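Comments concern the structure below.
Computed from a predicted structure; not experimentally measured.
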Amino acid sequence: MSIPEKVNLTTGTGWGSGPCVGNTGSVPRLGIPSLCLQDGPNGVRFTDFVTHFPSGLAAASTFNKELVYKRGKAIGREHRSKGVHIALGPSIGPIGLKAKGGRNWESFGADPYLQGIMGAQTVKGIQEEGVVAVAKHLIGNEQEHFRQVGEWDHGDYDRLDSSISSNIGDRAMHEVYLWPFADVIKAGVGGIMCAYNMVNNTYACENSQLLNYLLKEELAFQGFVVSDWGAQHTGVTSALSGLDMTMPGEVFDDWLGGKSYWGPLLTRAVYNKTIPQDRLNDMAARILAPFFSSEHLSLPSCEEVPNFSSWTHHTYGQQYPYQHFGAIVQQNFHAEARSVMNDKVALETARQGIVLLKNKNRNLPIHKDDGVRRLLIAGIAGGVDPNGFNCRDQKCTDGTLTSGWGSASVNNPWVVTAQEAISRKARERGMLVDLSEDNWDLECTEELSDFADMTIVIVNSVSGEGYIEVDYNYGDRNNVSLWHNGDELIKRVTEGCKKTVVVINAVGPVNMEKWIENDNVVAVLFVPPLGQFVGVAIAEVLFGEVNPSGKLPFTIAKKNSHYADIRYELGDCCDPQDTFERGVYLDYRFFDKHNIKPRFEFGYGLSYSKFSVTDLEIYEINPPSEYLPCPSDYMPRFHTIEDDICDPEDALFPHDEMDPVPGFIYPYLYNEDVRSLDEDDCYDYPKGYTPDQKCEAPLAGGGPGGNPALWETLYRVSAKVSNDGSIGGNYVAQLYIEFPSTIVASPPRILRGFEKIYLEPKECGEVEFEIKHRDLSIWEKESQQWIIQTGTYKLYVSTSSRKVELCGEIEIGC
């Protein structure tokens, strides 16, 4: 490839300058089309005839690895059907440090092990369908406030000089925030997206320590690093620091302005030798490498292109609708991506993602024979938002919640609301059904609840991405309270109805203390964003057609002060610092460390069945070693890429062949660029950067996801599970490990395994866990390596992070 051809792969063509949310330049001479990058983690964004899958948080709540893998395959199939080459998902950051974080609902809960397993399963599923997956966001993107200068023009944003800096300690970086990225890299993920925020006071997308060392050396990531949209802040520095692709191509907040840190400036920097051509070769090779990395992936041909437009729903329109430029062409072919199989996967994920938190006197499931003949369904969150199901980016929150808002949202093909689905099932059983959707004028609701045998109150709490504000919530939630006067609605209903069921449709933890212990609140369901099947799944669980099996992927506190808070104010500074003071004590680990009793702990969830767990057995597969073996040296670099030694005049804009599209970013130089080239220009490389290839891998590295020895299985643990109830159902067995404190103190219990098993009544089965070397390791910052401490390791097979069923020990000596 020539220099302009390689640059064309690295630089987005601009916002709206192509059918997808992100489009690279093409290389027609080699038959490489513009690569299409499209959101996202829950389905294909900005198009029609696709499935709106349950959110990442819902997938995590299933605690079902096989089902999440199938969800990944279904998402990958639909991206492929729409002509997408690179899917922007899964989300494995935010990690869930902050309960009010706007994008927590996109990722897989507040535990790095859970995030890593579910992220890896999703990557495998997507890429097996021929679409490259991009895991995001690297790293520390735990709040939306202050993520970008210029995103808002009010309040403290006016004083913002730089994005917020997530300041993460070395041990927490490895044991918490990088942990799930190691899993997806081991699974073969093709791309990783760097975040908007700074990390330890350097922007994530130009942080050489993060990208060049931690990601590409320690974790041996072989694919490409792409910026979040507008997260690039420099040209040469970001290239040398490890960024491989910039999206959508322009400078942030100057969309369609045609200004880019790369494009022609990157071409110029290579020709004047500010950037070594080896680095450009590496960037281009990393972008193409994922398409050759497995039998399931291949480089698309010029015929394999998107069949939709992200910028218009019309069938025909101008080729570049944002620029009002170009001929009238067919923009949308309205290709059908859905299938019966995908519907089954989406619905089953929705069913298993619902968590039963309370079921006093077994009032659920609902039976007419138990005296429930008249049913009231109350709450605005159970119906249809006045703006419909598909307001832009799903910021319509006055109705049934299918997702949070922002770039991970998906157009709903249709939605069965909770109100509709519950009403239908009640009518089928001969019940009377009343409805009340007013959450503020409660006189009518009170009167109806007096007559009802049971009232189902549906409430919600919503968040999303930071570029959207809803009711003064700028991405992050302002609090963990229920929206739409939900607490008062529940209070007033319970005054008249002795059987009140609360359905919480929310993006994360909510405060329930005003009503959770009320005797008339007989049952509570937590329902994460479930996509288009939300109402169907809720109704099936309420009426017992589905036995609930979801588990909380986070902790619900009794006091708001027990959560790590969002930084909403700048104070005296203009460069906000967000120091992650909790270190490795994330979520339930913090509650356990300080002996704080939560309202509902991580991993908690009830069933309509009763299970028992017996016969714990522990087998040693490989003897553990305290230290990792040295990894193999790097293979020598094969010089299969020849440097382009052509005259820079060969990179001039080909005016004779094409007319420039307004706002479109090209890789070409102009005459004045060539005249001003000066090879004597010098540039200070980022600290630690060298263009020379290293011979030795760091001790923690040496293979995808880190030192290969970290992935060896050391122990196998098994237990028997029996269903002692009268209803078939799923049981989630969770393995927690308590580490010794030989070198450094660790959280009292750390999740290191989970298995879900379905059992018919009186049936018995077995669950097995594999404990890998990394599962027993701690990061020692002094020696910069993973170490297994000597001492006693306690193993807990549990129903939740606090309810232990079986206990065993492993003794690791010197």
Using a 3.5 Å distance criterion without hydrogens, assess whether the side chain of [X] forms a donor-acceptor pair with backbone atoms of [Y].
| X | Y | answer |
| --- | --- | --- |
| Gln318 | Gly326 | yes |
| Ser55 | Pro529 | yes |
| Thr400 | Gly382 | yes |

How are the rings of [X] and [Y] set relative to one another: parallel (under 30°), tilted (30 to 60°) or perpendicular (over 60°)?
| X | Y | value |
| --- | --- | --- |
| Trp15 | Trp311 | perpendicular |
| Phe146 | Tyr157 | tilted |
| Trp405 | Trp483 | tilted |
| Phe653 | His655 | tilted |
| Tyr320 | Phe325 | tilted |

Point to revise | Pairwise distance CD1(Ile566) to OH(Tyr474) - rounded to 0.5 angstrom | key: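 If I round to the nearest 0.5 Å, the distance is 15.5 Å.
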
Practice item. Could you tell me the separation between the SG atom of Cys194 and the CD1 atom of Ile139, rounded to the nearest 0.5 Å? Key: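 One gets 11.5 Å once the value is rounded to the nearest 0.5 Å.
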
Measure the shortest side-chain to side-chain distance between [X] and [Y] over non-hydrogen atoms and say whether it is less than 4.5 angstrom.
| X | Y | answer |
| --- | --- | --- |
| Leu347 | Arg351 | yes |
| Val7 | Trp262 | no |
| Leu37 | Met245 | yes |
| Leu57 | Pro553 | yes |
| Met118 | Pro90 | no |
| Pro4 | Tyr666 | no |
| Asp343 | Phe533 | yes |

Only one of [options] passes side chain to side chain contact (heavy atoms under 4.5 Å, CB included) with [X]; say which it is.
| X | options | value |
| --- | --- | --- |
| His296 | Gln127, Glu129, Lys124, Glu128 | Glu128 |
| Cys36 | Val84, Val305, Ile86 | Val84 |
| Asn411 | Val44, Asn390, Thr47, Asp48 | Asn390 |
| His484 | Val462, Asp438, Asp398 | Asp398 |

Would [X] and [Y] pass as an ion pair if we require N to O under 4.0 Å?
| X | Y | result |
| --- | --- | --- |
| Lys395 | Glu465 | no |
| Asp39 | Lys136 | yes |
| Lys82 | Glu78 | no |

Check your understanding: Can you check whether Phe389 and His52 have ring centres sitting under 6.0 Å from each other?
Key ->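 Distance test on ring centres: not under 6.0 Å, no.
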
**Study point:** His314, NE2 atom: more than 12 neighbouring heavy atoms under 6.0 Å
**Key:**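 At most 12 heavy atoms, drawn from other residues, nucleotides or ligands, come within 6.0 Å of this atom.
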
**Study point:** His137 versus Ser91, closest heavy-atom pair with distance
**Key:**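 Taking His137 first and Ser91 second, the nearest heavy atoms are CE1-OG, 4.3 Å.
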
Do we see a donor-acceptor contact under 3.5 Å between the side chains of [X] and [Y]?
| X | Y | value |
| --- | --- | --- |
| Gln232 | Ser238 | yes |
| Ser403 | Gln394 | no |
| Arg477 | Ser461 | yes |
| Ser407 | Arg103 | yes |
| Gln38 | Ser310 | yes |

